[in-house]
Colleague: 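Handing you a structure now.
Treat the numbers as computed from the prediction; the structure is a model and nothing was measured. For reference, positions follow the sequence shown, starting with 1. When reading the values below, keep in mind they use all heavy atoms of this one structure, side chains included, and skip hydrogens, waters and symmetry mates. Numbering of ligands and ligand atoms starts at 1, following listing order.
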Amino acid sequence: MDHLPIFLDLNGKRTLIVGNGVSAARKADLLIRAGSDLTIVAPQLGEELSNLAKSFEFNYQSTELTATDLKDCVIVFGCSNDDRVNQALRELAAEAGIMVNVSDNTEDCDFIMPAIVDRSPLLIAISSGGSSPLLVRMLKARFETTIPAAYGRLAEFAGSYRDRIKKLIPNLTRRRRFWEDLVSGPVAEHLFSSQFEQAETLMENQLEEASVAGDQPPKGEVYLVGTGPGDPDLLTFKALRLMQQTDVVLYDRLIGEGILNLVRRDARRIYVGKLKNNHTVSQDEISNMLIDLAQQGKRVLRLKGGDPFVFGRGGEEIEALSDHGIAFQVVPGVTAANGCAAYAGIPLTHRDHAQACVFVTGHERDGKLNLNWESLIQPRQTVVLYMGLSSLDAITNGFLSHGADPATPAAIIENGTRAGQRVIMGTLESLQEKALEAGIKSPALIIVGSVVTLRGKLSWFANRPKGD
Ligand code: SAH
């Protein structure tokens, strides 16, 4: 993060602009709207500033800039067409320890101005740190069209009840639920359609109900959410929505930063990663944690790589939850086989190659692979092996010793759908050696079957993982 976004309270505070063109007028307009005590220093006022002066008050001074002009200013703006004037302002500001913004010159700025979507008191500030003004304009246009003016009304309404609700509902979790229901429920709907009286009546009813409920913590719930194999764009809308309304999140090493960053900022994060042969937190411990947290009234998010029910032990977790009468929701995710296949350009089924596709685990139990080889070597099918990297040798040998053709195409996809995705192509005979040569690491998925050969034709069209 190159800049810290903050919102300044400039009400009654001194600010200064040097310059008199369009840029000066735009800044002046914003500073006046924010209630600041503004001074403009310029030889004369340009057309836009003169227009602004007809409706608003600000101080204007045509004499040359001196250190006294910056006295008590909290921020200052260099908008002059003359670089020397802006430079002089920079130097004076540096001496006085005041932050300066110079128009169209990010390098000379202590702070930059974002694009603004104004639904006061709701404000959205957008910035690309100067790297893509076009993208910023595009996003601003999108927000302008998708955020109704009524959101400002809703924010104002909520603000007017803040103190009362804080006193009435001291329990933080319950209070947050109250707000969540408010902004997505019927009170908001009435406000959006300008039915203020109805909104107020409903609000009073809800406050009454809240005071009857007392300060008991609300009922907890667990969300078992599949996040897909890594690319955050593969999340479902439902996953994203639940990720926004959670109090605590349990995640493991399959969950990347890109996805964790989409979880509500102030949700508590608990890492329950299992490192191979070094089980940090056991499955029972994880289930117990989910139960404990839900019993404390928390909304608990359990993130699962891929899909929770595909080699994800999601079944065990919900069994434990239902044994304890805890409410839960399961959100499916794109499983690694689907994600990796799409991003590697390998269709899992194809009329000319495979009419069936099986997902199996290559994880050894007690040092043994327990697979039904007869069913895996059937013709015209694709076999996808999860967790098979460390037993790759045993896997390829298993296929071969049960009669599979050594020339059967096979691929390994490492870090599928993520930055740094790698695809190794070979055959049942050559795969082990190629994987060793390339130093393939976990997470990696193995695909066996003639569909692998289609990659040559199709990979060019396949989705590109980020950074590929
Ligand atoms: N529930 C998950 C699977 C968990 S088992 C799902 O539906 O995808 C963990 C195995 O999944 C890993 O050993 C690996 O074989 C596979 N896997 C998960 N994410 C992957 C990725 N981004 N790239 C390649 N393989 C992945």
Side-chain angles (χ1 to χ4, degrees), residues 223-236 239 250-260 272-281 283 286 301-318 330-346 348 357-365 369 371 382-396 410-425 431-432 435 438-448 452 455 459 462-468:
Y223 310 134
L224 202 60
V225 171
T227 63
D231 181 351
D233 283 0
L234 295 177
L235 282 172
T236 59
L250 276 71
Y251 67 102
D252 49 48
R253 75 192 158 89
L254 274 183
I255 312 296
E257 267 303 302
I259 286 171
L260 268 186
V272 291
K274 279 171 273 181
L275 301 168
K276 202 158 181 301
N277 303 331
N278 176 17
H279 283 230
T280 42
V281 189
Q283 186 57 50
I286 295 176
L301 175 70
R302 170 69 170 123
L303 291 180
K304 293 270 186 190
D307 181 89
F309 285 174
V310 179
F311 308 124
R313 308 192 73 170
E316 290 158 64
E317 286 171 21
I318 58 169
V330 181
V331 181
V334 174
T335 189
N338 293 131
C340 295
Y343 280 51
I346 301 173
L348 292 177
C357 175
V358 254
F359 295 174
V360 286
T361 166
H363 185 67
E364 291 173 317
R365 266 205 169 176
L369 262 183
L371 294 175
T382 306
V383 180
V384 181
L385 293 118
Y386 287 69
M387 295 176 275
L389 188 62
S390 51
S391 46
L392 182 57
D393 201 23
I395 289 171
T396 48
I412 298 191
I413 301 149
E414 176 195 68
N415 266 322
T417 81
R418 304 175 184 184
Q421 167 178 304
R422 287 200 293 168
V423 182
I424 301 295
M425 309 263 291
L431 199 63
Q432 159 81 350
I440 292 291
K441 294 206 177 67
S442 190
L445 194 81
I446 304 162
I447 302 183
V448 179
V452 166
R455 171 170 157 83
S459 66
N463 295 315
R464 299 272 149 180
K466 296 205 167 69
D468 192 26

Colleague: For ligand 1 and V334, I'd like to know whether there is a polar contact (N/O to N/O, distance under 3.5 Å).
Modeller: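 No; the residue has no nitrogen or oxygen that sits under 3.5 Å from a nitrogen or oxygen of the ligand.
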Colleague: Does any part of the side chain of L392, heavy atoms only, come nearer than 4.5 Å to the side chain of L431, both counted from C-beta?
Modeller: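 Yes, close enough: below the 4.5 Å cut-off.
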Colleague: L369: which residues meet the side chain to side chain contact (heavy atoms under 4.5 Å, CB included) condition with it, sequence neighbours left out?
Modeller: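 With neighbours one apart ignored, the set is E364, L371, W373, S391, A394, I395.
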Colleague: Report yes if some N/O of I413 lies less than 3.5 Å from some N/O of ligand 1; otherwise report no.
Modeller: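 Between I413 and ligand 1 (N or O atoms, distance only) the closest approach is not under 3.5 Å.
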Colleague: Nearest to atom 7 (O) of ligand 1, what protein heavy atom do you find, and at what distance?
Modeller: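 Here the closest protein heavy atom is T335 OG1, 2.6 Å.
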Colleague: Are any side-chain N or O atoms of T417 and backbone N or O atoms of D231, one a donor and one an acceptor, separated by less than 3.5 Å?
Modeller: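 Yes; judged by distance alone, with no hydrogens or angles, the pair exists.
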Colleague: Any idea which of G228, S442, P443 brings a heavy atom closest to atom 26 (C) of ligand 1?
Modeller: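 Selected option, by shortest heavy-atom distance: P443.
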Colleague: How many angstroms lie between OH in Y223 and CG in L250, if you round to the nearest 0.5 Å?
Modeller: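 With rounding to 0.5 Å, OH (Y223) is 14.0 Å from CG (L250).
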Colleague: Just going by heavy-atom distances, which of V310, L389, T227 is nearest to atom 1 (N) of ligand 1?
Modeller: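 Shortest heavy-atom distance from atom 1 (N) of ligand 1: V310.
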Colleague: At what distance, to the nearest 0.5 angstrom, does CZ of R418 lie from CG of L254?
Modeller: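 Going from CZ on R418 over to CG on L254, the span is 6.0 Å.
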Colleague: Answer yes or no: is there a side-chain heavy-atom contact under 4.5 Å between I286 and R302?
Modeller: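 In short, these two side chains touch, coming nearer than 4.5 Å.
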Colleague: I'd like to check whether A336 has a polar contact with ligand 1, where a contact means an N/O of the residue lying under 3.5 Å from an N/O of the ligand.
Modeller: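 Min N/O separation from ligand 1 is below 3.5 Å for A336.
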Colleague: Could you check T382 against V448 for side chain to side chain contact (heavy atoms under 4.5 Å, CB included), going step by step and ending with a plain yes or no?
Modeller: CA-CA 6 Å; T382 306; V448 179; over 6 Å; no
Colleague: Starting from atom 21 (C) of ligand 1, locate the nearest protein heavy atom and write down its residue, its atom name and how far away it is, to 0.1 Å.
Modeller: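 Here the closest protein heavy atom is G416 N, 3.5 Å.
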Colleague: Quick one: look up the protein heavy atom nearest atom 5 (S) of ligand 1 and list residue, atom name and how far away it is.
Modeller: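 That would be F311 O, 3.6 Å.
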Colleague: Of the backbone atoms (N, CA, C, O) and the side-chain heavy atoms from C-beta on, which set of N415 has a member under 4.0 Å from an atom of ligand 1: side chain, backbone, both, or neither?
Modeller: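 It is the backbone that gets close, since no side chain atom is under 4.0 Å.
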Colleague: So, 4.0 Å and heavy atoms of R418: is ligand 1 close enough to count as a contact?
Modeller: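 Per 4.0 Å heavy-atom rule, R418 contacts ligand 1.
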Colleague: Would you say A444 and ligand 1 have an N/O pair spaced under 3.5 Å apart?
Modeller: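 Between A444 and ligand 1, an N or O pair is found under 3.5 Å apart.
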Colleague: Under 4.0 Å from a heavy atom of C340: give me the atoms of ligand 1 that qualify, with their elements.
Modeller: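 Reading through ligand 1 atom by atom, the close ones are 23 (N), 24 (C).
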Colleague: Would you say L385 and ligand 1 have an N/O pair spaced under 3.5 Å apart?
Modeller: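 There is no such contact.
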Colleague: Looking at atom 2 (C) of ligand 1, what's its closest protein heavy atom, distance included?
Modeller: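 Its nearest protein heavy-atom neighbour is G305 O, 3.1 Å.
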Colleague: Give the residue and atom name of whichever protein heavy atom lies nearest to atom 11 (O) of ligand 1, and the separation in Å to one decimal.
Modeller: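 The closest one turns out to be Y386 CD2, 3.4 Å.
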Colleague: Would a distance-only check, ignoring hydrogens and angles, find a side-chain to backbone donor-acceptor pair under 3.5 Å from T227 to K304?
Modeller: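 Present.
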Colleague: Looking at ligand 1, does any of its N/O atoms fall within less than 3.5 Å of an N/O of G230?
Modeller: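 Looking only at distances, the answer is no, because the N/O contact criterion of under 3.5 Å is not met.
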Colleague: Does any N or O of ligand 1 fall below 3.5 Å from an N or O anywhere on D307, backbone included?
Modeller: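 For ligand 1, there is an N or O atom that lies under 3.5 Å from one belonging to D307.
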Colleague: Evaluate V334 against T236 for side chain to side chain contact (heavy atoms under 4.5 Å, CB included), listing each step before the verdict.
Modeller: CA-CA 9 Å; V334 174; T236 59; over 6 Å; no
Colleague: Does ligand 1 come near enough to M387 that some N or O of the ligand is less than 3.5 Å from an N or O of the residue?
Modeller: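 Yes: some nitrogen or oxygen of M387 is under 3.5 Å from one in ligand 1.
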Colleague: For residues Y386 and T335, report the shortest heavy-atom separation together with the two atoms involved.
Modeller: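 The pair with the smallest heavy-atom distance is OH-OG1, 2.5 Å.
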Colleague: Output all residues satisfying side chain to side chain contact (heavy atoms under 4.5 Å, CB included) with V330, sequence neighbours left out; order by chain, then residue number.
Modeller: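 Side chain to side chain contact (heavy atoms under 4.5 Å, CB included) list for V330, sorted by chain: L224, P308, F309, I318, F328.
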